[in-house]
Amino acid sequence: AIRAEDASALARARQACEAELDALSRPAERSGAGEPAPARTVAAAAARVQANLALVSVPGEHAYAEALDALEAGLSVMIFSDNVPVHQEVDLKQRARRSGLLVMGPDCGTAVVAGVGLGFANVVRPGPVGIVAASGTGAQQLMCLLDAAGLGITHCLGVGGRDLSERVGALSALSALDALEADEATELIVMVSKPAPQAVAARVREHAGRLSTPVLTVLLGEHGEHGEHGEHGELGEHAGTLTRAVEGVLTARGLPAPVWPSWAPAEGARPARHGVLRGLFSGGSLCDEAMGIAAERLGPIRSNIPLRPGWALPEDLRAEGHLMIDFGDDRLTRGRAHPMIDQTLRLERLTEELADPGTGVVLLDVVLGHGAHPDPAGELAAVLEGAQTPVVVSLCGTTADPQGLLGQAERLAACGAEVFLSNAQAAARAVELATTGIEVTP
C-alpha cells in the first residue's frame, strides 16, 4: 500500500515498486544446484512458459486482481472462482474484448481447450462440435451425451452463468462464438444458457446469424421447444432439454439418436408412493433443466434458484410442496468445497428427505469427471441402502472418466436407485413417479 502526498510522489513510489517486482520476478542466478526463484505474479509465471491462458481459482474477493494481471500480460483467463462482484466481471470482460482476449467466468466450472479439461471436466472424445456455455453442468451434460452418441468436441468455452444477464450483456459469449468460428476444426456450435433477457438474446442471435458456422442455441428452464432454422448459420433454438438439443445436433450431422443408457434397480423399482418431489442437485444447470420439466406437470417448484421469483425458497431451504435445491449455489459454497467435491450438506438433507413420510420421490444428480469426488456413488450408497422411497439419479459422465461410469451406475442401481444418463429422462421419470395415481392439471 502506498500513501503519497501528491501525484508526483505516487508516481515515483509506483516506479520503485515496479522495479522491485520486476527484479523479484526474474529467475535468480544459478549457483551450483540452486533453483530459480519462484514467480510472484501471474504475468511473471506466464512469461516463463510462454502461456496464453491463465486459470484463476482463489477466493472471489481476490480473483479480480489476478485476472487483471493476466489480461494485462496478454493472457485469456478462466476464472473458476465464484462470489466475484458483477461490476468486476463486466470490467474484466470489456478489457478482454478490446484486447481480443477471452474471459471464461467468473464461476466458470468447466472448460475444455484443445482437448485439455479445466475445472470440472469429463473425458470426452475429439470431434467437430464446439460448445459455448453459460452453464457448467449443462456443458458437461452436452459433452457426455455427445460422447455416448459417438460424437466429440473441439473446445468447450465456459463463459460464466451471468454472462447473458442484462448487466454483462453476453460479452464473453460473443467472443467465444468468434473464437469457435475462427477454428477450422469446429463445424457446428452449440450454445447453452439459462433464458436470457430479450435484448441480450437478440444480440446473441444476431451475432450467431452472421457466422458461417451453424449455431444451435439451448435455453434451459423454458417450456416448449423451437425447431425452426434461423437465418444464415443459425440452426435455431431448443428450449428445455439438453437431450433433445443433442438429438438435434445428431440430426444436423446425419446421425441417428441412440437409446440413452439407463440402469434399472438390481432388485426392481421401488413402488411409487403418494408424496412430494424433492430434487437435491450439485449442478445448477441440471437443476434448472429438471425444474423446467417438472413444472410443466406439477406446477410451482420451490427452489433456491427458482424459475420464477415467487417460487423462491426461504433461507432455511424448507417449504411445503415440490422443491429442488442447488447445493452448488454461491450462497452454499462460501467457505466450503463445491458439492461435486464434498457432498456433506446434500447427504445430510438426503437422509432427512428419505426419512420423511411425505417425500414421494427423490431426484439426484451425480457428476463424474476430473475435479469431482473420486467415488460419489459409494458415499450415496451408504445413505440410499435400505431406504423405501423411490430414488432417481441423473448420472453425468463418460466411460473414460476416472470414477468409471459403469461402476458408478451399477453401484447406485445396487442400492435401489433408477439411473439415467439423460438428465431430462431422469427428471421425467421422477415426475412420473410423483404423479402416479394422482390427478394432475397441466
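Hydrogens, waters and symmetry mates are skipped; everything else that's a heavy atom, side chains included, is used.
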Can you see whether [X] engages [Y] through a side-chain donor-acceptor pair at a distance of less than 3.5 angstrom?
X: Thr186; Y: Thr154; answer: yes
X: Glu289; Y: Asn423; answer: yes
X: Arg411; Y: Gln408; answer: no
X: Ser81; Y: Ser57; answer: no
X: Asp178; Y: His207; answer: yes
X: Asp326; Y: Asn304; answer: no
X: Ser394; Y: Asp365; answer: no
X: Ser282; Y: Gln343; answer: no

Summary of side chain to side chain donor-acceptor pair (under 3.5 Å) pairs that have at least one residue in residues 260-271, sequence neighbours excluded: Glu247-Trp260
Pairs meeting criterion side chain to side chain donor-acceptor pair (under 3.5 Å) with involvement of residues 166-176, two or more places apart: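 Those involving residues 166-176 are Arg97-Ser175.
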Quick one: pull up [atom1] in [X] and [atom2] in [Y] and give me the separation to the nearest 0.5 Å.
X: Leu53; Y: Leu75; atom1: CG; atom2: CG; answer: 7.0 Å
X: Lys93; Y: Leu71; atom1: NZ; atom2: CG; answer: 11.5 Å
X: Leu280; Y: Arg349; atom1: CG; atom2: CZ; answer: 7.0 Å
X: Leu151; Y: Leu142; atom1: CG; atom2: CG; answer: 11.5 Å
X: Asp288; Y: Ile293; atom1: CG; atom2: CD1; answer: 11.0 Å
X: Lys194; Y: Leu307; atom1: NZ; atom2: CG; answer: 9.5 Å

ring-ring contact (aromatic ring centres under 6.0 Å, His included) partners for Phe420, two or more places apart: none
Counterpart residues, ring-ring contact (aromatic ring centres under 6.0 Å, His included), relative to His322 (two or more places apart):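 Partners of His322 by the ring-ring contact (aromatic ring centres under 6.0 Å, His included) criterion come out as none, since no residue qualifies.
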Aromatic contact, Phe120 with His338 (centres under 6.0 Å):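 Under 6.0 Å, so yes.
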I'd like to check [X] versus [Y] (side-chain heavy atoms, cut-off strictly below 4.5 Å). Are they in contact?
X: Leu164; Y: Met191; result: yes
X: Thr359; Y: Val362; result: yes
X: Cys396; Y: Cys144; result: yes

Results of salt bridge (charged side-chain N to carboxylate O under 4.0 Å, His left out) for Glu72 - residues two or more places apart only: none
By salt bridge (charged side-chain N to carboxylate O under 4.0 Å, His left out) - contacts of Asp329 (at least two apart): Arg331
Donor-acceptor contact below 3.5 Å, side chain Glu181 vs main chain Ser212: yes
Under 3.5 Å donor-acceptor, Asp163 side chain and Ala173 backbone: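 It does hold such a pair.
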Over 12 non-hydrogen atoms of neighbours within 6.0 angstrom of CD in Gln388: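 Incorrect, the count does not exceed 12.
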Salt-bridge test for [X] and [Y]: reply yes if a basic N is under 4.0 Å from a carboxylate O, no otherwise.
X: Asp356; Y: Arg278; answer: no
X: Asp330; Y: Arg334; answer: no
X: Arg318; Y: Glu352; answer: yes

